[in-house]
Amino acid sequence: MERCPWPLSGGEIMIRYHDEEWGVPTHSDAQHFEFLVLEAFQAGLSWLTVLRKRAAFREAFAGFDAAAVAAFDDMRINELLSNPGIIRNGLKIRAAVNNAGRFLEVQVEFGSFDAYLWHFTGGKPVIGGWTSLAELPAKTGLSDKISADLKRRGFKFVGSTIIYAHLQAVGIVNDHLVNCFRFKQMTGA
């Protein structure tokens with residue numbers, strides 16, 4: 001069984017993430033918020049580092065409940081800054097709290113964050129069709145457009161590269177390589 005080569009060096013946790021989660025189209029706002037938080041914390045670090053800390057992040061960030069995170073005060077932020085289970089970066093922690101509030105605003109405007117994101121592709125996944133990792137882009141015109149819109153709405157840590165990683169994670173973009181068994185499963189190829 002062939003799979004994309006990128007998870008192979010990360011052991012079982014990366015392989016399981018690739019095989020079961022990455023690129024699967026989601027319509028869950030909770031999952032969208034989780035990946036927005038995790039992708040921002042990943043900036044400058046490896047995804048493996050984030051995955052290893054995912055359970056601690058889930059606990060620290062109220063199960064990724066956007067309404068609960070939006071209500072975090074300075075005392076709670078200081079607790080997070082001293083939590084060894086997560087990545088203790090003040091700018092990223094404050095961005096997550098800020099983004100939770102902006103996430104709620106998008107939900108009010110569009111009915112869900114999911115509806116907001118998927119409207120950029122007309123509700124259909126973008127199929128990459130790549131044959132090697134060297135072909136995979138770090139960002140695209142789509143991620144540039146969404147990143148700019150999120151920034152306009154007051155989101156932080158939502159650069160085009162972070163947003164492209166988010167789009168890949170939640171299946172809005174299918175960037176499994178064409179020879180990967182997951183590409184075939186998700187496209188019926």
Side-chain angles (χ1 to χ4, degrees), residues 4-7 14 17-18 21-51 57 61 64 66 69-70 87 89-178 180 182-183 186-187:
C4 299
W6 60 262
M14 286 286 278
Y17 172 70
H18 169 274
E21 202 169 354
W22 190 71
V24 176
T26 186
H27 294 287
S28 161
D29 272 14
Q31 282 186 299
H32 282 295
F33 184 66
E34 177 176 2
F35 278 112
L36 275 178
V37 171
L38 295 177
E39 295 291 352
F41 274 93
Q42 187 269 330
L45 302 170
S46 75
W47 186 243
L48 181 58
T49 299
V50 173
L51 282 180
F57 270 108
F61 284 89
F64 296 109
V69 174
I87 297 161
N89 178 303
L91 291 175
K92 292 176 180 181
I93 291 169
R94 285 179 178 81
V97 174
N98 169 74
N99 290 353
R102 306 301 68 78
F103 190 91
L104 298 174
E105 292 167 359
V106 168
Q107 286 179 318
V108 168
E109 183 178 344
F110 287 86
S112 68
F113 191 83
D114 180 69
Y116 163 76
L117 266 190
W118 281 95
H119 98 272
F120 285 97
T121 65
K124 297 190 181 337
V126 175
I127 309 299
W130 314 114
T131 59
S132 74
L133 289 181
E135 295 176 307
L136 280 172
K139 60 182 186 167
T140 63
L142 175 63
S143 63
D144 289 346
K145 183 177 181 179
I146 296 170
S147 170
D149 192 66
L150 289 169
K151 287 176 183 177
R152 181 184 63 76
R153 294 171 181 280
F155 284 79
K156 308 287 184 206
F157 276 90
V158 290
S160 187
T161 301
I162 289 172
I163 293 305
Y164 194 67
H166 180 84
L167 297 175
Q168 291 171 310
V170 300
I172 292 174
V173 172
N174 179 349
D175 271 349
H176 285 282
L177 300 183
V178 295
C180 176
R182 293 296 286 154
F183 179 86
M186 288 190 278
T187 62

Over 60° means perpendicular and under 30° means parallel, so tell me whether [X] and [Y] are parallel, tilted or perpendicular.
X: His176; Y: His18; answer: perpendicular
X: Phe113; Y: Tyr116; answer: tilted
X: Phe64; Y: Phe33; answer: perpendicular

Determine whether a donor-acceptor pair (N or O, by modelled atom type, separation under 3.5 Å) exists between the side chain of [X] and the backbone of [Y].
X: Lys92; Y: Phe41; answer: yes
X: Asp144; Y: Ser160; answer: no
X: Asp114; Y: Asp29; answer: no
X: Asn174; Y: Gly128; answer: no
X: Trp118; Y: Pro125; answer: no

Trace of the side-chain hydrogen bond (donor to acceptor under 3.5 Å, both in side chains) decision for Asn98 with Arg102
CA-CA 7 Å; Asn98 169 74; Arg102 306 301 68 78; 2.8 Å; yes
Centroid separation under 6.0 Å, is that true for the rings of Trp6 and Trp22?
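For Trp22 and Trp6, the ring centres are under 6.0 Å apart.
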Apply side-chain contact (heavy atoms from CB on, under 4.5 Å) to residues Phe183 and Ile127 and explain how you reach the verdict.
CA-CA 9 Å; Phe183 179 86; Ile127 309 299; 3.5 Å; yes
I'd like to know if Arg153 pairs up with Asp149 as an ion pair, taking the criterion as any Lys NZ or Arg NE/NH1/NH2 lying under 4.0 Å from an Asp or Glu carboxylate oxygen.
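Looking at Asp149 together with Arg153, the answer is yes, because their closest N to O distance falls below 4.0 Å.
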